Protein chains: 2
Amino acid sequence: MTIPTSRTLRADAQLNHDRILEAAAHAFARHGADTSLKAIAMNAGVGIGTLYRRFPTRDDLVEATYRNETARLCESAPALLAELSPHEAMRVWMEGFVDYILNKNGMTDALPAILASRDGLRAHSRDLLRDAIQALLDACIEDGALREGVPANDVMMALGGITLIAEHESERELASRLIDLLLAGLVLT
Amino acid sequence: MTIPTSRTLRADAQLNHDRILEAAAHAFARHGADTSLKAIAMNAGVGIGTLYRRFPTRDDLVEATYRNETARLCESAPALLAELSPHEAMRVWMEGFVDYILNKNGMTDALPAILASRDGLRAHSRDLLRDAIQALLDACIEDGALREGVPANDVMMALGGITLIAEHESERELASRLIDLLLAGLVLT
DNA sequence: CTTGCAATCGGAGCCGCCTCCGCTTATAGT
DNA sequence: ACTATAAGCGGAGGCGGCTCCGATTGCAAG
């Protein structure tokens with residue numbers, strides 16, 4: 001007998017899982033961050049209970065919905081490093097990060113939970129982001145553009161803070177100024 | 001005839017106003033940030049409608065509840081400047097700000113709304129905070145410890161972002177490291 | 001094909017948020 | 001004191017979040 005690993009979803013469960021994500025992506029895009037989860041469940045053809053079992057919190061659902069696009073953003077870091085100076089690549093990537101978060105409905109609400117996740121579902125996106133920042137940071141340090149000693153994790157958190165505050169100010173320019181400030185704090189003294 | 005200025009509350013309304021704030025302070029302290037507003041209204045001996053008319057959002061209520069203590073924090077800036085070097089005073093005040101926000105239940109949730117308020121009720125605390133930071137910043141600039149050209153408003157937002165992210169990480173040390181990073185970005189080049 | 005059960009489903013139900021509007025009352029002017 | 005009226009009151013009701021657990025069903029072994 002094959003031991004059904006707990007990682008394998010039953011076929012019907014997998015189908016529901018996919019349908020929920022599809023419905024969620026559609027709902028967030030069309031109706032904004034405050035879409036009712038009940039509506040998403042209904043559109044996916046499942047009960048609200050099923051949605052909550054699979055995604056215990058709204059943040060979990062948001063993270064899963066955007067996971068692929070988050071991965072794409074992170075994968076863009078090496079390309080930027082190939083084209084630009086490390087310092088410039090870092091700045092451009094950070095600007096891209098802010099734009100990405102601000103443009104995905106629901107993402108700013110989930111961002112704190114994603115960055116804070118120590119493990120579990122949401123940690124996936126967090127790890128991708130930190131690795132991308134680490135790569136950019138390493139290139140900058142090797143290039144002599146930025147100083148050592150600041151953990152990539154701290155830079156990620158700073159960027160997260162900038163994004164959160166910019167969201168509430170709805171003033172995109174503020175984020176750019178704060179990114180400049182952050183980079184100024186990272187240069188070699 | 002005296003024109004009843006729209007700023008003057010009717011006597012009974014003033015009483016209710018005070019009772020609501022008293023109940024809110026008690027409830028936030030005792031039951032945390034998620035206290036039900038209905039319970040606050042009940043404890044204050046008013047209907048839920050009265051609470052909402054006076055404080056249209058939860059954030060408004062939080063701001064009003066802590067307004068006096070926020071003012072006290074802001075008033076501490078001149079005293080710090082009298083005792084310490086401007087740069088050190090700035091750092092100590094920022095640490096105090098973070099501790100203050102993190103220790104007041106409900107305050108982190110309301111912080112974005114307070115900082116973002118352009119006018120209206122909540123703007124009061126925001127103005128106090130910005131003025132305090134402006135004073136500290138001016139002293140640092142005159143002292144040659146920090147550079148010019150960064151608006152006090154931006155520094156306030158950066159500090160707000162740091163506080164928000166530290167809250168979700170529940171790692172107080174992170175805030176201190178990010179404050180150092182912020183100050184490093186503000187020094188004369 | 002049948003069967004047993006672990007995995008999965010799903011919605012009723014409770015709770016808190018917030019709005020809306022008919023009822024009540026403090027107060028200024030006479 | 002009396003009264004008109006603006007100011008204030010308050011809770012019913014509609015909505016969404018989330019939980020809980022009895023009903024259902026995919027799946028694999030025989």
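Throughout, protein chains are lettered first and strands after them, A, B, ... in sequence-line order, and every chain is numbered starting at 1. Keep in mind that what you see is a predicted model, and the values were worked out from it rather than measured.
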Exercise. Hey, does R58(A) have a side-chain heavy atom less than 4.5 Å from the side chain of D109(A)?
Worked result: no
Exercise. Between dG10(C) atom C1' and L37(A) atom CG, what is the distance in whole Å?
Worked result: 15 Å
Problem set entry | Gap between atoms CZ and P, on R10(B) and dT24(C) respectively (whole Å) | 14 Å
Exercise. L9(B) has a side chain; which of dC9(C), dG10(C), dG8(D) sits nearest to it?
Worked result: dG8(D)
Exercise. When the distance from CD1 of I48(A) to C1' of dG16(D) is rounded to whole Å, what number comes out?
Worked result: 9 Å
Exercise. Between T50(B) and R54(B), do the side chains contain an N or O donor and an N or O acceptor separated by less than 3.5 Å?
Worked result: no
Exercise. At what distance, to the nearest 0.5 angstrom, does CD1 of I114(B) lie from NE2 of H168(A)?
Worked result: 12.0 Å
For this session: Starting from the 5' end of DNA chain D, give me the residue, D34(A) or G49(A), whose nearest nucleotide shows up first.
Result: D34(A)
Exercise. Are any of T50(A)'s side-chain N or O atoms less than 4.0 Å away from OP1 or OP2 of dG10(C)?
Worked result: yes
For this session: For D12(B) and dA7(D), give me the distance from atom CG to atom P, rounded to whole Å.
Result: 13 Å
Seminar exercise, completed: Nearest-nucleotide check on DNA chain C, R53(A) vs P56(B); residue mapping nearer the 5' end is R53(A)
Exercise. Which pair of non-hydrogen atoms, one from C74(A) and one from W93(A), has the smallest distance, and what is that distance?
Worked result: CA-NE1, 4.4 Å
Exercise. Between dG16(C) atom P and H31(B) atom NE2, what is the distance in whole Å?
Worked result: 12 Å
Seminar exercise, completed: Taken to the nearest whole Å, OH/Y52(A) to C1'/dG13(C) is 14 Å
For this session: Please report the shortest heavy-atom distance between L178(A) and D154(B), naming the atom on each side.
Result: CD2-O, 3.6 Å
Exercise. Start at the 5' end of DNA chain C and walk down; is the nucleotide closest to R58(B) or to A11(B) reached first?
Worked result: R58(B)
Problem set entry | Whole-Å gap separating P (dA12(C)) and CE (M42(A)) | 11 Å
Exercise. Tell me: CD1 of I40(B) to C1' of dC17(C), nearest whole Å?
Worked result: 13 Å
Problem set entry | Phosphate OP1/OP2 of dG8(D): any N16(B) side-chain N/O under 4.0 Å | no
